[in-house]
Amino acid sequence: MSFKRAGSNLVACCPFHSERSPSFTLFSPGDHYYCFGCGAGGDVISFVMRIENLDYMAALEYLANLAGMRMPENEAMAQERTDKNKYYDMNKKAARFFYEKLVSPSGKAGLDYLRGRGLSDEIIRRFGLGFASTSSDELTGYLMREGFTPKEMKNGFLCGISENTKRPYDYFRGRVMFPIIDISGKVCAFGGRIIGDGVPKYLNSSDTPVFKKSRTLFALNFARSSGKDFLILCEGYMDVIALHAAGFTNAVATLGTALTSEQARLMRKYTSNVLICYDSDEAGKNAAKRAINILKEVDLSVKVISLKGAKDPDEYIKLNGKSSFESVIANASGHIEYVFNDMASKYNFEAPEDKLSFAKEVCAMLSGVESRLERDVYLGKVNELTGIDAGVLRQELERAGAQSIRNAKLKQTENDIRTALGYSDKVNPEKIKYPSACAKEEGIIGILLIHPEYMLDDKLRECVDPESFVCAFNKKAVTAVTEAMKRYSEDHSGAVPGSEKFDFSRLAGELSPDETGALMRMRIARERLSDNSPEVLKELTEALAAEKRKLSVSAVTTPEQAAERIKRLRDLKNSGENQN
């Protein structure tokens, strides 16, 4: 990140979303940050949690290692570490169980499937592949004998609990098993491919205490040390395994879902270059175009591999061999070229209407390309394909660019309205239901974050009653802040911290990075107001109490009502622009 001075603070382009103008602010003296674009905010711990895709404990360890320190542990931290290690141990034993089942006579169906896909015994061992029989209790019975409880197995997505018998049953049955291994080499989850007919074709672990699907990539534990300066991004397990078997050990895959921004940032840690190698069907092409946008948001250089005559990397290598795949890597298209060629393939350039539609679609796409040189190159290609005058094409590009700016402004206006109303607020979904009460709650929290010493005043502490809060998140937040200040007072023999702002590290991982960002927004909103005195705090608490007393069902704003309000405001804005 490249920072610039802005008064007493520093600003930079945010590492958590794509932007051209810097909105990421590091506040003096450099212990807190907030992005006015995406709402990310907090302290150094929450920053590391976001940027490194770590949980609270792992972020603390990361910082301690950077500083060359041994991280101290309290009882809660030690227990969390013990719990996680137990889940890792359970997964390791499950992976061993599945592998031994695969190479036993009862695993013949699974082994035949894998060998039929051309996998050698060496590759099967390398990836720890296994087999889950059709039995409903083989794995659960084994793990219970190993000392694990049904609750632990359920939380680890290895079993379900029958509503009728209350007995555990295996989640994975009749499937070839793919252990998912994190970058530290620990088995954190599983994927299973059905043998024969059945749905779902692939069953993947849901999130568990040691696994977050959106933050994990299959085979990254191998790919990160491949020695290559790029990663090959595939769609599925078998594609990755086929590439590794052929010597392309820098291949990774998402885990049954579309690429996420967290996975893109994870790749950015290990490379600056990604080659997308998705299926050649229409669904694969659409997924590739979505992936391009996500990868570009984190400043990755992106190319796309085209697999002619094959549906996926596995089939291509079987048909054409390793050397041919090396050639398609060398000839991978730049991301703009890929999208351009895909657009061109849909049109008949003998038809005038198709020429016009193609030119408009390409100009709309190029309006988002920063490089004038790249825009001119592809306008030249449009000219060659359609015969449309280059000057006319540039006019259309300018028109598309202006329309893109108008659309962006309109979208920003809608987002601002939605944010103000709390529409689709993931941190506080109740904001849209109780906008008036929520505004008062946020004001109270914002003042306490500026003046945490208020919570050490007996009279003020009595005024701030978490039970009077309407929104569950705000209640959780104010409780966390007040409890943190109570602990501070106890640890410092009743001492008051003076006028310093609230130190988010006192929350000790109670809030997620998104929740911490919401608190930063509340604090900044109050800082813009001149009066955050104890009297204002009392007025807000009294107003909130009155609000809760009069709150009724008729006062609730439904999502439908909020959508109608957004539509009315948008229509009003458009009519104003038309009059101008």
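This one's a predicted model, so the numbers in the text were calculated from it and none came from an experiment.
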* Verify salt bridge (charged side-chain N to carboxylate O under 4.0 Å, His left out) between Glu396 and Arg399, making sure each step is shown before the conclusion. => CA-CA 5 Å; Glu396 175 61 23; Arg399 187 202 66 77; 2.8 Å; yes

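- Each salt bridge (Lys or Arg N to Asp or Glu O under 4.0 Å) pair with one or both residues in residues 122-133, not counting sequence neighbours, would appear here, but there are none.
- Between the Asp279 side chain and the Gly284 main chain, no donor and acceptor come within less than 3.5 Å of each other.
- More than 12 heavy atoms of other residues, nucleotides or ligands shown are found within 6.0 angstrom of NZ on Lys476.
- For Lys308, the NZ atom counts as loosely surrounded, since its 6.0 Å shell holds 12 or fewer non-hydrogen atoms of other residues, nucleotides or ligands.
- Evaluation of the ring pair (Phe, Tyr, Trp, His ring centres under 6.0 Å) test over residues 246-266, restricted to residues two or more places apart or in two chains, returns Phe248-Phe325.
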* To do: For side-chain contact (heavy atoms from CB on, under 4.5 Å), just list the numbers for Asp314 and Arg117, CA-CA rounded to whole Å, side-chain angles, deciding distance to a tenth of an Å, and then say yes or no.
  => CA-CA 9 Å; Asp314 184 18; Arg117 296 294 298 265; 2.7 Å; yes

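- The environment of NZ in Lys228 is sparse: at most 12 heavy-atom neighbours from other residues, nucleotides or ligands sit within 6.0 Å.
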* What's the verdict on side-chain hydrogen bond (donor to acceptor under 3.5 Å, both in side chains) for Gln403 and Asn407, showing C-alpha distance, side-chain angles and the deciding distance? -> CA-CA 6 Å; Gln403 182 62 49; Asn407 290 341; 2.8 Å; yes

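- Between Ile329 and Phe230 the shortest side-chain heavy-atom distance falls below 4.5 Å.
- Summarising the local packing, NZ of Lys381 is surrounded by more than 12 heavy atoms from other residues, nucleotides or ligands at distances under 6.0 Å.
- A distance of 6.0 Å or more separates the ring centres of Phe98 and Phe131.
- To the nearest 0.5 Å, atom CG of residue Asp239 and atom NE2 of residue His244 are 11.0 Å apart.
- Take Tyr34 and apply the side chain to side chain donor-acceptor pair (under 3.5 Å) test, not counting sequence neighbours, and it matches no residue.
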* Should Tyr316 and Ser324 be marked as a side-chain hydrogen bond (donor to acceptor under 3.5 Å, both in side chains) after you check the CA-CA gap, both sets of side-chain angles, and the distance that decides it? -> CA-CA 9 Å; Tyr316 187 92; Ser324 181; 2.7 Å; yes

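- Taking the six-membered ring for Trp, Phe127 and Phe178 have ring centres at least 6.0 Å apart.
- Residues Asp89 and Phe148 meet the side-chain proximity criterion, which asks for heavy atoms closer than 4.5 Å.
- Formation of a donor-acceptor pair under 3.5 Å by the Glu235 side chain with backbone atoms of Ala253 is not found in this model.
- Using a 4.5 Å heavy-atom cutoff, the side chains of Ser301 and Ser272 are not in contact.
- Within 6.0 Å of the NZ atom in Lys213, the count of heavy atoms belonging to other residues, nucleotides or ligands exceeds 12.
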* To do: Evaluate the salt bridge (charged side-chain N to carboxylate O under 4.0 Å, His left out) criterion for residues Arg375 and Glu370: first the C-alpha distance (whole Å), next the side-chain angles of each, then the deciding distance (0.1 Å), finally the verdict.
  => CA-CA 8 Å; Arg375 293 198 300 268; Glu370 290 187 38; over 6 Å; no

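- Pairs passing the ring pair (Phe, Tyr, Trp, His ring centres under 6.0 Å) check and including a residue from residues 266-297, sequence neighbours excluded, do not occur.
- Atom CG of residue Leu519 and atom CG of residue Asp514 lie 12.0 Å apart, to the nearest 0.5 angstrom.
- Judged by distance alone, the side chain of Arg173 and the main-chain N or O of Ser136 form no donor-acceptor pair under 3.5 Å.
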* Any chance you could lay out the side-chain contact (heavy atoms from CB on, under 4.5 Å) test for Leu114 and Ile123, step after step, and finish with the verdict? => CA-CA 10 Å; Leu114 293 174; Ile123 284 294; over 6 Å; no

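- In this structure, Ser46 and Val48 have side chains that are not in contact, with every pair of non-hydrogen atoms separated by 4.5 Å or more.
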* In sequence, state the C-alpha distance, the side-chain angles, and the governing distance for Asp281 and Lys285, and then conclude on salt bridge (charged side-chain N to carboxylate O under 4.0 Å, His left out). => CA-CA 6 Å; Asp281 58 14; Lys285 291 178 181 179; over 6 Å; no

* Mind running side-chain contact (heavy atoms from CB on, under 4.5 Å) on Val304 and Glu337 for me, showing each step along the way? => CA-CA 9 Å; Val304 183; Glu337 180 184 4; over 6 Å; no

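- With Glu315 contributing its side chain and Lys311 its backbone, the two residues share a donor-acceptor pair below 3.5 Å.
- For residues 184-212, the side chain to side chain donor-acceptor pair (under 3.5 Å) pairs, not counting sequence neighbours, are Tyr113-Arg193, Asp182-Ser184, Asn204-Tyr237.
- Taking a 6.0 Å sphere around CZ of Arg268, one finds it holds more than 12 heavy atoms contributed by other residues, nucleotides or ligands.
- Side-chain N or O atoms of Ser226 include one that pairs as donor or acceptor with a backbone N or O of Ala223 at under 3.5 Å.
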Let me have the donor-acceptor pairs involving side chains of residues 358-368, under 3.5 Å, with sequence neighbours excluded, atom names and distances please.
{"unit_1": "Glu361", "atom_1": "OE1", "unit_2": "Tyr347", "atom_2": "OH", "d": "2.5"}
{"unit_1": "Ser367", "atom_1": "OG", "unit_2": "Ala364", "atom_2": "O", "d": "2.6"}

* To do: Take Ile194 and Val176 through the side-chain contact (heavy atoms from CB on, under 4.5 Å) test and state the conclusion after the steps.
  => CA-CA 7 Å; Ile194 196 76; Val176 169; over 6 Å; no

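- Taking CG from Leu217 and CG from Leu231, the interatomic distance works out to 8.5 Å, rounded to the nearest 0.5 Å.
- Atom OG1 of Thr271 is separated from atom CG of Leu300 by 7.0 Å, given to the nearest 0.5 angstrom.
- With rounding to the nearest 0.5 Å, the separation of CZ in Phe211 from SG in Cys188 is 5.5 Å.
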